[in-house]
Amino acid sequence: MLPKAYDPTSCEDRIYKLWEDSGAFKADPKSSKEAFTVSMPPPNATGQLHLGHAVMLALQDIFIRFSRARGKEALWIPGTDHAAIATESVVIRKIQKEEKIKDPRGHYGRTELVRRIAEFVAQSQATIRGQVRKMGASCDWSRERYTMDASLNRCVNEVFQKMYADGLIYRGNRVVNWDTALQTTISDDEIEYEDREGLLYTFEYLSAEQTGGEALCVATSRPETKLGDTAIIVHPDDERYEHLIGRHFEVAWPGGVTGHVTVIADHTVDREFGTGAIGCTPFHSKIDYEIWQRHKEEIIAEPKQIIGEDGLMTENAGSFAGLSVEICRQKFIEELRENGRLKKEEKYTQPLSISYRSKKPVEPLPKLQWFIDVNKKAVVWPIHRAGLRPADLSPRPADPKMSLKEIMQQVVRTHAIRIIPDRFERTYFQWIDHLQDWCISRQIWWGHRVPVYYCVKCAAGMSGQSSYERLAMSDELKAQSSKLKAEGVPGAFVSSQSLNVCPECGGKVEQDPDTLDTWFSSGLWTWSTLIDPAMAQDMSLSLEDLLKLSPDFQKFHPTAVMETAYDILFFWVARMILMTTYATGQIPFKTVYLHGLVRTREGKKMSKSDPSTCIDPLEIIPQYGADALRLAMIVGQMPGNDFQLYMEKIGGYRNFINKLWNASRFVLLQCENAKADPKKLQATSYKLQAPAELSLADKALLSELQKLITDVTEGLETYRLSETGERLYSFVWDFFCDWYLELSKGEAHLPVLVHALRTIVQLLHPYCPFVTEELWEAIKPEGAGLLMLEPWPVIDERLRDPIAEEHFALLTNVITSIRQLRAEYGIAPEAKIVVSIFSDDHQPLLESQKEHIIRLARLSSLAFEKPKSSKGIVSAFLKGAEVHVSLEGAIDLPKLKANLLEEKLSLKQFLDRVDAKLGNAKFMEHAQHSVIELEQQKRKDAEERMAKVEERLKSLS
RNA sequence: GGGUGGUUAGCUCAGUUGGUUUAGAGCGACUGAUUUACACUCAGUAGGUCACAGGUUCGAUUCCUGUACCACCCACCA
């Protein structure tokens, strides 16, 4: 017999092993079944899983288990992400802390540091594997992937080369986002904005002498950058400055720096802000860079870089060289003040760019980097792949070349990819509208190295320490063109294969030192994980060959659903769409399901830096069980909405699991008492074989079960997980336990009982796999295997019985109303009460349920007749029956009267409302027949009750 | 500045094409119960002018407009 309470710790690990050993997680590419694939978003291999991972694992496991049971070839690929910057900085900080080494990069060098990071990652991966198992995730471990696997690296290199050949990847000298803390560029999406309290300084830029009139002042929050100005920008229609436009000035800056600026006119300037004139610093502001690009011809001075990659002022900053930006600003202002040039200082809230990774300010700097061009029309995207019907294609237009941006828009606009919840489509489009070329190179060591090689010999003659530097310098700061092709640079080769020697002269080559943005490789995740690793070693195969020949890719791509948190819609989901449509010609997934972020009880974000706000799944699972945690994160949570998780919630679902456990225990006890082996009971069509033996409750249960199967199946098919979970919860607890099991006591039909429990356990299995698998072992039919492999229940129309449902509802209403009357009139539990029930239509039915009513309402006697007198009687007038409880003189008359009057009043109000409706000619004219009938029925019922209430009131007076 | 979502019971949230809703659930509160599955239980009770103001409609929690407050996303006026 089962223990009294469910103990998750005693079975979860054992059951997981059972599943894993059975091979049931493993998908077969040769299967004739329809494929259903989920790519698990690879957790960063930097440490522990948190609740966010737990949510995704729970959701995806439900999709997968449901699909598997429904006869699909279900594949769920697990894996981890090397998480370039995140991992490198974690390891560097670790080394700094543990080994007291200030500069681990300098100390260990590239090879050794990369080795150390790889070591750390391996450890972390092992932890993650264990944690994913703890959640019950039924993923295919034989296909586990890592973004740095050799086969995935091959894909990265192939895609880079292909994009380069198509002109979609280029090297360009641009103002990029420089993270001075991490010493690398970051992409536009890796920037966060924060409002900081600062000062807005207004100072004299050009003196009255220079302008020949009034002095020209400029307002800025970053005065120190003015050292790099090439221009003053004013609005073309601004009369104050009209006469200065086009003129050139020499400016004496603090620090002994001489600047040369041209006054130019541009519409983007806001005349109302500050003085209406601004300094243009092309190399330290993206906006200024753009303005400078537009007016290059008019401007005489070349831009200067005045802030270095180390965050300190450069040689161009004169005597400020080597100072930090903050100190330089102070000194700069001091000097202006001394010279009387500082006119105003005011408080100012300044939007500051912060690095998403280091949380430190981002410094815009000019740098030679690799970019992906999102606007170049270079890709043929067949229109029919975008989900259009053939009818829409007549006459079939030639497939035009599209830009990556356009393809990204098209696949979502045509709903080839559907996003749940759909409002995120708007967010997605808005992001694409603003999307600029994607900077993909990073100056860190951990990651996929840019597959570009430089020949020392071919590049000879250029200045610089290494060939790379020489080549870089040849491009750098020229800035004539924003796009400098490596192709046009002598001695540079883009190659998906590792190059050791120069293909042209046989000389020594050096690989580009930069690595790729981590999202470059994770953008390939849905398909690079499906490339056959053995084939990927064969360098004679092209990318197209690899796709064509990999059985997994052919069978399992595109994937069915991408389930992830909405906060990485841009970072990752959009990038997968971009990279995958380009590289494979397929969409990466058909559906995107976005879940919300887990918050604390107070609605705050859980943050690692504040452990008290965090709930650790690994602490919850031993205490409450993985099943309870899963339910707590899914039921009551709508896609795309954040949700608050706290202990009581998890405890509530732990209770539910235990309820299910005890219901099963009860069923097994019944079997034991009847000396029946539950495994031998086969009862699917019990009702059809022996209808006479079935009780009302049995018939109702079998009928309700059909509805349940339908609802759960449809709910899961349409990704309505919360609602479906609630449906199951309520069915198990409110219907099955509270009514059916109570009623079945004493006259249980074991085959029906066991059948119902099996069905429930099957339907619940995707949500709470462990407890259901454990229970299945005890109740499964003879010869059955694991629950996770059991086919999904199908409905049997013959078991539907609306009349039984209706009768059952009447029965429960009668019992409830007696209980209510007891409580309402304070009848002591031990007091014997005499009840009579009367019904016009259902007298025989209720009589047949006499024993149940007596037992569940705890009566001493029950009669089926109208009471002779209403003296000492309280009543409930239900639809279809009236219930009278005799209080044997102990009646509280004023209370009874008050209750009746209250009931009368609410009935009156209701009737007035219904009458108003039915008496309204326009309602009768416009409303649907069914609605009118319904209202008429409501009115009839209410009137009947009203008559009874009035009659009773009369008898009291 | 642009956009999105929210505002329903003390708390967390449902409410799927406007009328089967006289607005529901879970938790919490309160009253009672030791009845051979379960106290991780059972029975029952209280608690809501569905943020506010207009509009459309026979009828609005539901659709439209506006307002307020909250949250988030995007942009960044130097």
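Residue numbers start from 1 in every chain, and the chains themselves are labelled A, B, ... in the order their sequence lines are given, proteins ahead of strands. Just so we're clear, the structure is a prediction, and the values are computed from it rather than from any experiment.
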To the nearest Å, give me how far apart CZ (A/R599) and C1' (B/G6) are. 12 Å
Select from A/N662 and A/R819 the residue whose nearest nucleotide in RNA chain B is closer to the 5' end of that strand. A/N662
Test applied, side-chain hydrogen bond (donor to acceptor under 3.5 Å, both in side chains); reference residue, A/Y205; option that passes from A/D229, A/T220, A/T275: A/D229
Report yes if a side-chain nitrogen or oxygen of A/K938 is closer than 4.0 Å to either non-bridging phosphate oxygen (OP1 or OP2) of B/U22; otherwise report no. yes
Which value, in whole Å, describes the distance between the P atoms of nucleotides B/U16 and B/G5? 16 Å
When you look at NZ of A/K895, are more than 12 heavy atoms from neighbouring residues, nucleotides or ligands closer to it than 6.0 Å? yes
Both distances under 3.5 Å, Watson-Crick or G-U wobble: report the partner of B/C11, or none. B/G26
Does either side chain, that of A/E824 or that of A/N899, offer a donor lying less than 3.5 Å from an acceptor on the other one? yes
A/L907, nearest nucleotide to its side chain (from B/U22, B/G2, B/C77): B/U22
A/Q350 side-chain N/O to B/C76 phosphate OP1/OP2 under 4.0 Å: no
Under 6.0 Å from the six-membered ring centre of A/Y201 and within 45° of its axis: does the NZ or CZ of A/K226 meet both? no
Please evaluate the base of B/A14 for a donor-acceptor partner in the side chain of A/Q637 within a cut-off of under 3.5 Å? no
Kindly point out which of B/U16, B/C76, B/C58 is positioned nearest to the side chain of A/P351? B/C76
Selection from B/U22, B/G3, B/A33 that lies nearest to any side-chain heavy atom of A/R426: B/G3
Taking the nucleotide of RNA chain B with the nearest heavy atom to each, does A/F570 or A/I815 sit closer to the 5' end? A/I815
Residue A/M638, side-chain heavy atoms: nucleotide from B/A14, B/U22, B/G3 that is nearest: B/A14
Can you tell me the distance, in whole Å, between the CG atom of A/N641 and the C1' atom of B/G6? 8 Å
Respond yes when some side-chain nitrogen or oxygen of A/W733 is under 4.0 Å from OP1 or OP2 of B/C42, and no when none is. yes
Check the distance between B/A75's P and A/I191's CD1 and give it to me in whole angstrom. 8 Å
Could you check how far OH of A/Y825 sits from P of B/U45, rounded to whole Å? 13 Å
With distance as the sole criterion, do the side chain of A/K649 and the base of B/C27 form a donor-acceptor contact below 3.5 Å? no
Whole-angstrom distance between B/C64 and B/G26, as gauged at atom P: 31 Å
Can you tell me, in whole Å, how much space there is between the C1' of B/U57 and that of B/A14? 27 Å
On the nucleotide B/A71, are OP1 or OP2 found under 4.0 Å from the side-chain N or O atoms that A/K604 carries? no
Atom-pair distance (NE2 on A/H434; C1' on B/G2), nearest Å: 8 Å
Measure from CG on A/L934 to P on B/C58 and round the result to the nearest Å. 21 Å
Spacing of A/D433 atom CG relative to B/G2 atom P, expressed in whole Å: 16 Å
Using only side-chain N and O atoms of A/Q670, determine if any of them is under 4.0 Å from OP1 or OP2 of B/A37. no
Taking the side chain of A/F666 as its heavy atoms from C-beta onward, which of B/A37, B/U22, B/A43 lies nearest to it? B/A37
Could you work out the separation of B/U36 and B/C42 based on their P atoms and round it to a whole Å? 15 Å
Is the terminal nitrogen or CZ of A/R575 (NZ for Lys, CZ for Arg) located under 6.0 angstrom from the six-membered ring centre of A/W438 and within 45° of that ring's axis? yes
Residue that, paired with A/F424, satisfies ring-ring contact (aromatic ring centres under 6.0 Å, His included) out of A/F570, A/W431, A/Y566: A/Y566
The Watson-Crick or G-U wobble partner of B/U4, with both key distances under 3.5 Å, is B/A71
Which nucleotide, if any, forms a Watson-Crick or G-U wobble pair with B/U65, using both distances under 3.5 Å? B/A53
Base, sugar-phosphate, or nothing for A/Y6, non-hydrogen atoms under 4.0 angstrom? nothing
Could you work out the separation of B/U62 and B/C50 based on their C1' atoms and round it to a whole Å? 10 Å
Return no unless some side-chain N or O of A/K4 is found under 4.0 Å from OP1 or OP2 of B/C40. no
Neighbour count >12 (heavy atoms, 6.0 Å) for atom CD, A/Q436: no
What does B/U36 pair with, Watson-Crick or G-U, if both distances are under 3.5 Å? none
Of all the nucleotides listed (B/C27, B/U12, B/A37), which has the minimum atom distance to the side chain of A/Y646? B/U12
Kindly give the heavy-atom pair with the smallest separation between A/G652 and A/Y729, and that separation in Å. O-OH, 4.5 Å
Separation of the C1' atoms in B/G32 and B/G48, to the nearest angstrom: 26 Å
Among B/C42, B/G44, B/C77, the one nearest any side-chain atom of A/F273 is B/C77
Please classify the nucleic acid contact of A/E723 as base, sugar-phosphate, or nothing, using heavy-atom distances under 4.0 Å. base
Could you tell me how far B/U31 sits from B/G47 if I compare only their P atoms? Round to whole Å. 16 Å
Given B/G19, B/C42, B/C40, the nucleotide with the shortest approach to the side chain of A/D738: B/C42
Parallel, tilted or perpendicular, judged at 30° and 60°: which one describes the rings of A/W292 and A/Y289? tilted
Output the single nucleotide from B/A14, B/A33, B/A37 whose closest atom is nearest the side chain of A/R858. B/A33
Send over the distance from A/Y566 OH to B/C74 P, rounded to a whole Å. 11 Å
Which value, in whole Å, describes the distance between the C1' atoms of nucleotides B/U61 and B/A23? 8 Å
Given B/C40, B/U12, B/G44, the nucleotide with the shortest approach to the side chain of A/A823: B/G44
If we call it a pair only when both distances are under 3.5 Å in a Watson-Crick or G-U wobble match, what pairs with B/G19? B/C58
Which part of the nucleic acid, if any, lies within reach of A/T816 when heavy atoms closer than 4.0 Å are counted: base, sugar-phosphate only, or nothing? sugar-phosphate
